[in-house]
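Quick notes on the structure that follows.
Heavy-atom basis, side chains included; hydrogens, waters and symmetry copies ignored.
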Amino acid sequence: MKRILHISDSCRWASAFMLMAVATIHSPLSLAINPIDRVDTRVGTAFAETRTAGLFGKGSEDHGQTVPAVGVPHGMNLWTPQTRDTEQKCIAPYYFADSLLQGFRNSHWLNGGCTQDYGSMTLHAISGPLRTSPRSRATRIDRQSETARPDYYSVSLPDEGMTAEMTGLSRAGIFRFSYDHDGIGHIIVNPNSDEGEGMIEYDPRRHEIRGYNPVHRIYQGWGEPAGFSGWFIIKLPKNLKITDYGTFKGDTLHPHRTAISGEPGIGAYVSFKTKPSMQVTLTAGSSFTSMEGARRNLEKEIPVADFEKVRRQSTDAWNRQLGMIQVEGGKDEDMAKFYGSLYRCSLLPRVISDADGSYPRFAKGDKILSTGGKTDKYGDFSMWDTYRALHPLLTLLTPERSGEMMQSLVTDAEEGGWMPIFPCWNSYTAAMIGDHCAAAIADAAVKGVNNFDKEKAYRYLRKNAFETPADFNEYKDGMGRRALESYMRYGYIPLEDGVEEAFHKQEQTSRTLEYAFDDFALAQLADIVGATEDAEMLRKRAGNYRNVIDPALGYANGRHADGTFAEGTDPFDFNRAITEGAPCHYTWYVPHDPEGLIGMLGGRERFVEKLDSMFTQKRYWHGNEPCHQVAYMFDMAGRNDLTQKWVRHILDTEYLDTPGGLSGNDDAGQMSAWFVFSAMGFYPVCPATDRYYLGAPLFDRVTITPEGGKPFTITAPGASEGKKVFKRILLNGEPLEDFSITHSDLNSAGTLKFN
């Protein structure tokens with residue numbers, strides 16, 4: 001299927017991007033079309049243009065912060081075009097609004113986030129005079145020619161007289177540059193070290209460029225070495241006749257010098273003659289362990305520089321992943337949004353181990369360990385976001401991989417001594433609040449994932465829930481729950497505790513609410529492993545949410561150590577005791593005890609009225625995760641009609657098939673996971689239970705076939721014709737008594753029918 005590139009009448013891109021052409025997919029779709037053909041990977045790479053964009057977020061929070069990556073699901077690298085040079089926080093490698101291409105990166109960006117890249121390199125091909133720094137070599141992109149798919153990226157570079165193409169697998173990628181003229185061409189490679197560290201060298205005997213880029217931490221331990229590097233190797237064609245080579249620093253050339261290290265802006269280049277119809281094909285491998293690891297990964301994944309073969313492998317991997325869910329009877333744009341969302345749900349967490357199972361030890365990186373090669377080791381868990389829906393989706397579709405991810409967390413705890421809170425860059429971070437590895441692990445365990453050590457997981461999660469590191473330096477370094485002593489002493493975190501040893505300071509009310517839920521989740525796991533006394537204690541602590549719901553205010557509120565609530569709180573404005581939002585956003589963060597919350601807010605009628613005002617008064621903020629369960633809370637009060645109404649409103653207004661089509665950071669796939677679940681007609685409101693609450697499907701028919709599982713079919717006649725509220729719901733032909741289904745229901749060859 002060819003992509004139709006045009007400026008859509010239905011979107012507002014012209015002013016935002018100065019009349020640049022916009023890529024959307026509106027070709028007629030049929031069941032014969034593979035899922036991958038519906039996906040444009042540039043969605044989320046521009047400033048948000050959705051309904052609530054700008055109501056609460058600002059700056060980078062109003063970008064999807066995604067990249068148009070190629071590769072395979074959960075691969076080590078996001079092989080992506082680069083328009084921004086840096087690994088600094090909150091700057092993604094690619095933005096659709098940029099008009100110049102700087103090259104192609106093996107990115108380890110936390111896709112959809114506001115963090116930083118690490119351990120990456122960038123390579124580029126240009127023509128004419130040699131320009132080496134990212135700024136000087138940047139060249140115009142012909143947007144009309146740009147194709148961005150999960151398995152393939154290509155673009156015409158008119159000023160270079162060439163077309164660039166890229167595809168890849170997990171640890172290795174392949175690039176093809178096609179020239180249309182006689183002249184001089186150049187391949188330029190640089191390690192992306194903002195710290196001026198790393199090394200790069202050209203080996204003329206082996207026709208390769210290789211190097212490394214040391215990784216540094218952010219948040220806790222910001223700027224400190226993480227103990228490991230991103231290693232890379234680029235293989236040049238043996239028949240490519242090199243006419244010149246050298247290294248550089250910025251735009252200062254060092255001709256015929258083969259290596260350079262320890263300075264900012266360094267790189268290496270080779271030059272060669274071009275002619276019309278000439279193609280130069282390069283392969284690249286990477287590793288977090290060593291140069292030899294990068295070489296082995298390249299030889300394992302791409303032993304021969306066969307571009308089309310590698311693309312077929314990538315295509316097949318994506319069609320297997322995306323094909324686990326088949327949607328029928330829907331608008332073309334909705335199908336594109338659905339499979340684009342499922343693609344973004346399949347990037348993180350990422351594999352960090354080599355093909356042979358080697359990986360750097362967690363939290364130190366100073367020792368190379370191994371899984372034995374039978375399983376992969378995963379890293380980069382954006383856990384404050386992804387425990388909500390992304391991990392439940394992976395547990396539903398790929399339970400074996402989900403178990404490997406949970407075991408990776410257990411392994412991290414063994415190697416570092418504490419279960420991490422938000423493990424990224426193979427390090428402790430304490431980047432966000434809560435302790436949500438408990439939720440993700442308990443959710444997998446409750447849903448029958450068995451290929452990880454539950455007892456060991458519980459042991460380390462219990463340590464997080466009941467102990468604080470005796471060594472203050474360990475606590476400062478990100479180990480253990482923040483402000484745990486206050487939480488256990490008061491049953492909430494008082495405003496007097498500033499939570500200084502954290503990236504997010506203050507935010508005491510949100511922390512209390514999140515710890516209460518985490519305690520509930522851990523109680524579920526305690527039951528599974530037989531720790532019954534612990535389970536009872538944790539269930540009591542799960543009621544601590546009550547301590548920060550202010551009965552006079554009617555919303556969550558900050559509370560002092562003497563028990564009094566903060567005065568003068570505006571429940572609809574940002575608040576220092578609340579994480580990234582207002583009290584009205586966090587009041588509903590009690591997924592484990594909706595009945596208790598209903599009672600505290602004045603009963604069902606008052607609960608529904610207050611909940612409905614989130615939408616009618618434009619207080620709902622879909623661009624950030626604390627609101628993601630809000631529309632489904634109507635189900636808890638018996639008003640599934642309102643859940644259906646507002647879920648469909650969000651589906652229709654907060655997601656577009658355009659570069660500005662996400663209402664906020666995609667946050668490692670959580671924003672997209674909300675769409676995938678909700679478009680199917682249900683959502684995991686309370687992870688660590690087996691229950692999903694019902695909304696309204698976006699398609700007439702959905703078939704879910706988990707890896708190794710049986711198909712489950714959802715039908716909603718009329719959905720594609722605009723029907724948004726269904727009055728009768730049948731599970732296997734029987735009317736549902738409540739507005740939920742279970743995980744075991746989904747794992748049977750059953751049917752769910754919306755009438």
Side-chain angles (χ1 to χ4, degrees), residues 89 113-115 217-222 224 362-363 381-388 409 412-413 416-425 427-441 460-522 538 541-542 544-545 547-548 556-561 566 574-581 586 589 624-626 667:
K89 187 178 186 298
C114 190
T115 55
R217 300 172 62 185
I218 68 171
Y219 301 125
Q220 306 306 101
W222 199 312
E224 295 176 3
F362 181 74
F381 291 78
S382 185
M383 199 55 87
W384 185 76
D385 314 285
T386 55
Y387 81 90
R388 305 166 195 264
L409 293 171
D412 288 347
W418 292 81
M419 182 65 73
I421 302 293
F422 189 101
C424 289
W425 315 283
S427 304
Y428 289 102
T429 67
M432 295 296 295
I433 69 170
D435 187 13
H436 301 315
C437 287
I441 290 172
Y460 283 105
L461 287 167
R462 187 193 188 282
K463 185 178 179 181
N464 273 19
F466 288 95
E467 301 177 34
T468 294
D471 185 338
F472 178 75
N473 288 327
E474 288 188 350
Y475 177 68
K476 187 177 179 181
D477 202 46
M479 301 178 189
R481 289 189 185 185
R482 308 295 91 179
L484 177 64
E485 292 180 359
S486 289
Y487 176 73
M488 294 179 68
R489 177 181 176 185
Y490 295 97
Y492 61 94
I493 302 173
L495 295 173
E496 287 75 11
D497 187 339
V499 199
E500 294 302 317
E501 283 69 45
F503 178 71
H504 281 241
K505 306 183 191 309
Q506 309 289 329
E507 304 179 4
Q508 299 91 336
T509 300
S510 294
R511 291 179 196 278
T512 299
L513 290 164
E514 295 202 13
Y515 284 163
F517 169 71
D518 292 329
D519 288 340
F520 164 81
L522 190 52
L538 288 162
R541 280 173 38 172
N544 283 344
Y545 74 88
N547 298 328
V548 291
N557 196 6
R559 195 170 187 178
H560 294 287
F574 276 75
N575 187 296
R576 292 182 69 189
I578 300 294
T579 300
E580 297 181 359
Y586 253 95
Y589 190 82
N624 208 14
E625 280 69 25
D667 285 322

For Met383 and Asp435: C-alpha separation, side-chain torsions, deciding distance, then whether side chain to side chain contact (heavy atoms under 4.5 Å, CB included) applies. CA-CA 8 Å; Met383 199 55 87; Asp435 187 13; over 6 Å; no

Verdict with supporting geometry, Met419 and Asp412, side chain to side chain contact (heavy atoms under 4.5 Å, CB included): CA-CA 7 Å; Met419 182 65 73; Asp412 288 347; 6.0 Å; no

Test side chain to side chain contact (heavy atoms under 4.5 Å, CB included) on Gln508 and Tyr492; report intermediate values, then the result. CA-CA 8 Å; Gln508 299 91 336; Tyr492 61 94; over 6 Å; no

Should Glu580 and Met432 be marked as a side chain to side chain contact (heavy atoms under 4.5 Å, CB included) after you check the CA-CA gap, both sets of side-chain angles, and the distance that decides it? CA-CA 10 Å; Glu580 297 181 359; Met432 295 296 295; 3.7 Å; yes

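A salt bridge links Glu224 with Arg217; the closest basic N to acidic carboxylate O contact falls under 4.0 Å.
Counting all heavy atoms, side chain and backbone alike, Gly434 lies closest to Ile421 at O-CG2, 3.1 Å. Smallest separation of non-hydrogen atoms from Asp497 and Ala483: OD2-CB, 3.6 Å. A pairwise comparison of heavy atoms in Gly480 and Asn464 identifies CA-OD1, 4.3 Å as the closest pair. Contact between Ala431 and Tyr219 at its shortest, heavy atoms only, is CB-CD1, 3.3 Å. Summarising the geometry of Gly558 relative to Ala577, their closest heavy-atom pair is CA-CB, 4.2 Å, with the distance given to 0.1 Å. In plain terms, the two heavy atoms of Ser486 and Pro494 that are nearest each other are CB-CD, 3.8 Å.
No donor-acceptor pair under 3.5 Å is formed between the side chain of Asp667 and the backbone N or O of Gly113. Looking at Asn624, its side chain never comes within 3.5 Å of a backbone N or O of Pro626 through a donor-acceptor pair. For Asn544 (side chain) and Ala516 (main-chain N/O), no donor-acceptor pair under 3.5 Å exists by modelled atom type. A donor-acceptor pair under 3.5 Å is absent between the side-chain atoms of Lys505 and the main chain of Gly498, judged by distance alone. At least one donor-acceptor pair under 3.5 Å links the side chain of Arg482 to the backbone N or O of Glu501.
Annotation: the span from Thr468 atom OG1 to Glu474 atom CD amounts to 11.5 Å, rounded to 0.5 Å. Considering CZ of Arg576 and OG of Ser510, their distance stands at 13.5 Å, rounded to 0.5 Å. Remark: Leu522 CG to Cys437 SG distance equals 11.5 Å, nearest 0.5 Å. A distance of 10.0 Å separates CG in Asn473 from CE in Met479, rounded to the nearest 0.5 Å. Between the CZ atom in Arg388 and the CZ atom in Phe517 there is a gap of 9.0 Å [rounded to 0.5 Å].
Using a 4.5 Å cut-off on side-chain heavy atoms (C-beta onward), Tyr515 and Ile433 make no contact. Side-chain contact check for Leu538 versus Phe466: some heavy-atom pair is nearer than 4.5 Å. Thr512 is not listed as a side-chain neighbour of Arg559, based on a closest heavy-atom distance of 4.5 Å or more. A 4.5 Å side-chain heavy-atom check between Phe381 and Phe422 finds every atom pair outside the cut-off. In this structure, Ile441 and Leu461 have side chains that are in contact, with non-hydrogen atoms separated by less than 4.5 Å. Side-chain atoms of Phe503 and Thr429, non-hydrogen and from C-beta on, never get closer than 4.5 Å to each other. Side-chain contact between Ile578 and Glu507 is absent, with no heavy atoms from C-beta onward closer than 4.5 Å. With a 4.5 Å cut-off on side-chain heavy atoms, Thr509 and Tyr586 do not count as touching.
In this structure, His436 and Tyr387 have parallel ring planes: the angle between them is below the 30° cut-off, well short of the 60° mark. Aromatic ring orientation, Tyr475 versus Phe472: tilted (interplanar angle from 30° to 60°).
Every residue two or more places apart in sequence or in another chain that forms a side-chain hydrogen bond (donor to acceptor under 3.5 Å, both in side chains) with Asp519 is listed here: Arg481, Tyr487, Arg541.
Enclosure of atom NZ in Lys463 by more than 12 non-hydrogen atoms of other residues, nucleotides or ligands within 6.0 angstrom is indicated. Under a cut-off of 6.0 angstrom, the local environment of CD in Glu496 is crowded, with over 12 non-hydrogen atoms contributed by other residues, nucleotides or ligands.
Judged purely by distance below 3.5 Å, without hydrogens or angles, the side chains of Trp384 and Glu514 pair a donor atom with an acceptor atom.
Taking the six-membered ring for Trp and the full ring otherwise, the centers of Tyr428 and Phe362 sit less than 6.0 Å from each other.
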